[in-house]
Amino acid sequence: MEAATRDFHLLDTSGAVRAGYHLHDWSASPLGSPDQWDPALRSAVSMILESEFPMYIAWGPRLIMLYNAAYISLLDGRHPSTLGAPITEVWADQWPGMKPLVDRALGGHSTYGEDVPRTIRRAGKPYHGWFTLAYSPVRDEGGAVRGVLCVISETTPRVQLERRHAVQLQVVDSLRRLHHPSDIVEAACAMLGRHLELDHACYVEGDGTGAGFEVVHDWAREGAAALAGRRARIKDFGPAALSLLRTGAPLAIRDTTQDARLPEHGERYAAAGVRAILALPRLRRGQLQAALVGYARSARGWDEEECKLAADIAERSWEALDRMSAEQALRNAVARQTTLLDMNEFRLELADMLRRLDDPADIFVQTSGMLGRFLQASRVLYGDYDADRQLVTFHSNYTDGIVPDLVGTFPAALFGTANFSALIEGTSWVASDVQRDPRTGGPDTWPTYASLQIRSAVVVPVHHNGALTTCMFIHDNLPRVWSADIVRLMEDVAERSWSALERVRAEEALRLADRRKDEFLAMLAHELRNPLAPISAAAQLLNMGQPDGARIERTSAIIARQVAHMTGLIDDLLDVSRVTRGLVVLGRDEVDLRRVVDDAVEQVRPLIESRRHQLTLQLAPEIGPAVVHGDYKRLVQVLANLLNNAAKYTPENGRLHVWMGATPDHVLVSVKDNGIGIPADLLPTVFDLFSQAERTPDRSQGGLGLGLALVKSLVELHGGMVTASSEGRNMGTEFTVRLPRLQASMGLADAVRAPSSSSAEAAQGLRLMLVDDNEDAAMTLGLLLEAGGHAVTVVHDPFKALARAAAERFDVFLLDIGLPGMSGVELARRLRRLPGQDGAVLMAISGYGQSADRVDAEEAGFDRYFVKPVDAEELPAALAAVTAKR
């Protein structure tokens, strides 16, 4: 009777009735009839039936489930079939996650889990919820654990609210740090895609026609094809969908193939991989302007929480875009306040500053700072561009104190080689957002810009002699729209800076040229006076009493030596002029540099021996043929000049060393001495015209400072290069000539040395007319020719010479070119037309030695051309040749 009462009380309680215990057929349950249950089980079941919290008990070896009425909602219509069934069957899909908690409770330990995620079904659909679970052991009257009690509290609303708040905070925090619309759009798409676990999250904008839209940015799950750049028609959504979007409400489509709001286009969406759509519109002034759109590849029901979360992300993104638009409008308003008047005032200040600067480095530094402060830019600097090596060297930085200085040499490829190629065309390069710009946003270039905090930039090219040489760089660490007026101002600053730089350099060059001119003229006067003094003394000596033969011989030798010295000086001047102006035509023969070295040494040996130097040659026979393609005579001249300098600028009893080496492509010859050396400050200009290592009042070394300039020009004409090195004053000097080496030689051309013309055997019987307005020069040369056995008629006026030639016949006419009233060239033309003089030989004797003068003389009919002073052996030899032909 007591058991029946207990059973009656258990099954007839309100909790048991609500749970359907009184109607359940317990005969099919492994537990059997409730009157047979363990007292501990009946007590536990009585407790849970009276609770309003979802609870269940899993009892016995098979963990038979008994639950209360509050738990029934979690079973999604499966009750009452689940009552009295094993928990492993009721929650077969959840059992792997539940088993560890149940086992722990069966082991006698309570377990508590807060906000545990569980996916169950509600209304026949999967439902993602969160629950707080408490598992406790249930013991029998003997204390043994026979089952598990689970108390459940659903926390889904709270967790969803907290998640939504967390997402809102994340969205706000992420968007707050962004300063460009494209960054905001990218962040919004990424957050929408990740939080809703989408396949695509896109930002779309109207295309401006009102009929279509374009995918501006696309976030895609890994492996999904990008949609950015795709276009679609607005009408594809259908009137109903568009009406909803134009109200600002989200459009949620579970299945594009079944939604009536996508008439005739749902299948096309599905074929493109779009089965579910969630669109969040952006309205501006009541017009549909853009939207955040999420796509899924499979049908998907968008629950209320997902729609709220997406709406939060969209709303915060729209607010950030509106904020950015307002800030941009404010910046534009501030920019508009920087009127043309302000820019003109800046230009006036710039011009005034540039007028006062006389240092090239100051020009760059001052203009970059002035422009940077005016534009409030992060960095302004200059960069020198080396097109051959594809390098850019940055200097003259102005920074705002936030970004670092950019100094040093970098490969142009780091900044985009194609960008520098565009600058070569002469057009300024402008980027408002370097990261988004396809020219700079790639993986090869963007990391460089990012590391230097360059987010927007303008580069203004500066060309010199048609080539890109320098650029002015303007950087900002934020995206920035550069107006056309601002870009023109930058171009104006770059142009004015370069003009000022050229002015300063030209002024410095003029000062340097003027100083060198003065030094050169003083040096030239000194060098010309030196031989004039002994010539003058020799002339006076000849006038002193009756000269004997020995005195005449000595004074004649003095005059001859000094005239030869003066001739050498003048020849050097003319030679370097011809070479540096490219008027010299080089021979192109296969030349053995060993023979060149031998001849150069032979020429300079008298000077070397007179100064008692020790000369060593190291011509490296092991390198094989040292053959180059060039002019034998000029190459001898190069090495003779270097040896001559080494001998002159090395104190007596010095050491000179000539070394030869070779690489597969070049032959190298160096001339080294232990002489006075070259100071470091003079090394860069050692090959300049009129430059010498040291000028002293005594001019003990002599010369005009032309030798090394001539060497450099001749070597470069041969396709080579010459370098100088010295460790400093009194540490000696080494000059190294590098010439292209011939890989294979078909046989060396005979580089026959021009034999010294010995005085030809005096020719007899020629009738000569000598025409020169310089009476002394004409008289002395006439006496010399008469001493050679010729009959000489000297005339100082070209018209008288023409009249005399019409009346008499002459074998040879020797004509000065620079005659008064009629040039020697014109006189030659008229002589050629005179009857009876057609067979005469015309020889020009002139102080003009340029190639153009020789061409003019040849065209006028001259047979020979001599440059004053005439070589004492060459002219007699030429006259002897005339005699031989008669």
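Along the sequence shown, residues carry numbers from 1. Here the structure is a predicted model, which is why all the values come from computation and not from measurement.
Of the possible polar contacts, none joining the R146 side chain to the V138 backbone as a donor-acceptor pair under 3.5 Å is found. Checking side-chain atoms of D199 against main-chain N and O of A220 turns up no donor-acceptor pair under 3.5 Å. Judged by distance alone, with hydrogens and angles left aside, the side-chain atoms of Y449 form a donor-acceptor pair with the main-chain N or O of F415 at under 3.5 Å. Side chain of Q160 to main chain of P157: no donor-acceptor pair is present (N/O by atom type, distance under 3.5 Å, no hydrogens or angles). Remark: side-chain polar atoms of R379 are paired, donor with acceptor, to backbone N or O of L452 under 3.5 angstrom. Side-chain atoms of D140 never come within 3.5 Å of backbone atoms of A40 as a donor-acceptor pair (strictly under, hydrogens ignored). S325 contributes a side-chain N or O that, together with a main-chain N or O of L321, makes up a donor-acceptor pair within less than 3.5 Å. With W302 contributing its side chain and I253 its backbone, the two residues share a donor-acceptor pair below 3.5 Å. At distances below 3.5 Å, not a single donor-acceptor pair connects side-chain atoms of R246 with backbone N or O atoms of L288. Checked by atom type and distance alone, the side chain of R42 pairs as donor or acceptor with a backbone atom of W37 at under 3.5 Å.
When all heavy atoms of I64 and S29 are compared, the pair lying nearest together is CG2-OG, 4.3 Å. Residues D476 and A377 share a closest heavy-atom pair of OD2-CA, 4.1 Å. Minimum heavy-atom separation, V145 to A105: CG1-O, 4.0 Å. Closest approach of P30 and G84 over heavy atoms only: CD-O, 3.7 Å. For the pair A276 and T256, the tightest heavy-atom approach, listed with the atom from each and the gap, is N-CG2, 4.3 Å. Here the closest non-hydrogen pair linking V403 and S378 is CG2-O, 3.3 Å.
Note that the CE atom of M98 and the CG atom of D103 stand 11.0 Å from one another [nearest 0.5 Å]. The CG atom of D259 lies 8.5 Å from the CD1 atom of I277; values are rounded to the nearest 0.5 Å. One distance of note links CH2 of W219 with NE2 of H200; it measures 9.0 Å at 0.5 Å rounding. Put simply, CZ on R139 and OG on S136 are 10.5 Å apart, with the number rounded to the nearest 0.5 Å. Put simply, CG on L251 and CG on L245 are 5.0 Å apart, with the number rounded to the nearest 0.5 Å. Distance check, rounded to the nearest 0.5 Å: CG of L41 to CD of E141 gives 11.5 Å.
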CA sep, side-chain torsions, deciding dist, call: T445, L414, side chain to side chain contact (heavy atoms under 4.5 Å, CB included): CA-CA 6 Å; T445 52; L414 290 176; over 6 Å; no
Side chain to side chain contact (heavy atoms under 4.5 Å, CB included) assessment of V148 paired with I87: CA-CA 11 Å; V148 174; I87 191 173; over 6 Å; no
Intermediate values then yes/no, salt bridge (charged side-chain N to carboxylate O under 4.0 Å, His left out), R323 and E319: CA-CA 6 Å; R323 170 181 56 82; E319 290 174 355; over 6 Å; no
Side chain to side chain contact (heavy atoms under 4.5 Å, CB included) evaluation trace for I402 with N477: CA-CA 9 Å; I402 299 176; N477 61 351; 4.0 Å; yes
Steps toward side-chain hydrogen bond (donor to acceptor under 3.5 Å, both in side chains) verdict (H128, E305): CA-CA 11 Å; H128 304 287; E305 185 60 28; over 6 Å; no
Residue pair T132, Y112: steps toward the side chain to side chain contact (heavy atoms under 4.5 Å, CB included) verdict: CA-CA 8 Å; T132 295; Y112 179 82; 3.3 Å; yes
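Two residues are said to be in side-chain contact when any heavy atoms from C-beta on lie closer than 4.5 Å; T448 and F410 fail this criterion. A 4.5 Å side-chain heavy-atom check between R455 and D183 finds at least one atom pair inside the cut-off. Counting only heavy atoms from C-beta outward, the side chains of D38 and W59 approach each other to under 4.5 Å. With a 4.5 Å cut-off on side-chain heavy atoms, Y67 and L83 count as touching. Between I48 and Y56, the closest side-chain pair of non-hydrogen atoms is not below 4.5 Å. Side-chain contact between E89 and M65 is absent, with no heavy-atom pair separated by less than 4.5 Å. Side chains of E50 and S14 form a contact here, defined as non-hydrogen atoms less than 4.5 Å apart. With a 4.5 Å cut-off on side-chain heavy atoms, E114 and T155 do not count as touching.
Judged purely by distance below 3.5 Å, without hydrogens or angles, the side chains of Q435 and H180 never pair a donor atom with an acceptor atom. Looking at Y203 and S317, their side chains never bring a donor and an acceptor atom within 3.5 Å of each other. A donor atom on one side chain and an acceptor atom on the other are not found under 3.5 Å apart for N397 and T399.
A cation-pi contact, defined as under 6.0 Å to the ring centre and within 45° of the axis, links R78 to W91. The side-chain tip of R122 points at the ring of Y127 from less than 6.0 angstrom away and within 45° of straight on.
The pair K308-D312 fails the salt-bridge criterion, with no side-chain N (NZ, NE, NH1 or NH2) lying under 4.0 Å from an Asp/Glu carboxylate O. Contact check on E306 versus R300 returns a salt bridge, with a Lys/Arg side-chain nitrogen under 4.0 Å from an Asp/Glu carboxylate oxygen.
Counting heavy atoms of neighbouring residues, nucleotides and ligands inside a 6.0 Å radius, atom CD of Q94 exceeds 12 of them. With a 6.0 Å radius and a threshold of 12 heavy atoms from other residues, nucleotides or ligands, E162 has its CD atom above the threshold. Atom CZ of R18 sits in a crowded spot, with more than 12 heavy atoms from other residues, nucleotides or ligands closer than 6.0 Å. Enclosure of atom CZ in R62 is not indicated, since only 12 or fewer non-hydrogen atoms of other residues, nucleotides or ligands lie within 6.0 angstrom.
Ring geometry for Y21 versus W26: interplanar angle of 30 to 60°, hence tilted.
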